[in-house]
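All remarks here apply to the structure that follows.
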Amino acid sequence: SSGINAEYGQWTNHTKVHNAQNKRPPVLFSQYWMRVLPPRSSTPSRTVMFECSFQMNRTEIREYLTELYKLDVIDVKTEIVDGERFNIQIPNTGIKTHTNPHKKIAYVTLKGVEFRYPGMSDLDTEVLEDGQK
């Protein structure tokens, strides 16, 4: 289970999954996550934008992409973006302000790779080439 590791007295970032009847060693699933975001118009072609877990630092982002996806990472920059605020009209109560959660964005520069985010037109042509609709 995740939480304080009694053996080392420190917080662990992995969840252990183990079946006592199975003789295989436990598998560690990372609680970190990342997802690719569409690039802004001013983003260079070698830079990829990711939304990632708040607990990840620059070193962990680099290791995550290098170990799991075998990407050559040159540089990682992070930014925390405030959540969007908007007003909700509640009947008989008035207006309530709601804030979406904040996000952590990682700008990753890749070595020798030009990244192109697939658009809807790219997906449509792939489907037509496969003969499916």
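Everything quoted here is computed from the prediction, not taken from an experiment.
For the pair Glu51 and Met34, the minimum side-chain heavy-atom distance is 4.5 Å or more. Counting only heavy atoms from C-beta outward, the side chains of Val108 and Phe50 approach each other to under 4.5 Å. When side chains are defined from C-beta on, Val113 does not count as touching Asp72, because their heavy atoms never get closer than 4.5 Å.
Listed for the His102 side chain is a donor-acceptor partner under 3.5 Å among the backbone atoms of Gly83. Checking side-chain atoms of Thr43 against main-chain N and O of Pro39 turns up no donor-acceptor pair under 3.5 Å. Listed for the Arg35 side chain is no donor-acceptor partner under 3.5 Å among the backbone atoms of Cys52. With hydrogens and angles ignored, the 3.5 Å screen pairs no side-chain donor or acceptor of Glu67 with any backbone N or O of Tyr64. Checked by atom type and distance alone, the side chain of Lys104 pairs as donor or acceptor with a backbone atom of Met56 at under 3.5 Å.
Looking only at atom types and distance, the side chain of Tyr32 has no donor-acceptor partner in the side chain of Gln55 under 3.5 Å away.
Under the 4.5 Å side-chain heavy-atom criterion for Ile, Leu, Val, Met, Phe, Trp and Tyr, Val36 and Leu110 are members of the same hydrophobic cluster. Linking ILVMFWY residues whenever their side-chain heavy atoms come closer than 4.5 Å, directly or via other members, places Val76 and Leu68 in the same cluster.
Closest approach of Leu71 and Thr66 over heavy atoms only: O-OG1, 3.6 Å.
Legend: side-chain hydrogen bond (donor to acceptor under 3.5 Å, both in side chains) pairs involving residues 85-94, not counting sequence neighbours, sorted by first then second residue: Asn87-Thr97.
Glu114 and Arg46 are not joined by a salt bridge, as no carboxylate oxygen comes within less than 4.0 angstrom of a charged side-chain nitrogen.
Within 6.0 Å of CZ in Phe86 there are more than 12 heavy atoms belonging to other residues, nucleotides or ligands.
A distance of 7.0 Å separates NZ of Lys103 from CG of Leu37, quoted to the nearest 0.5 Å.
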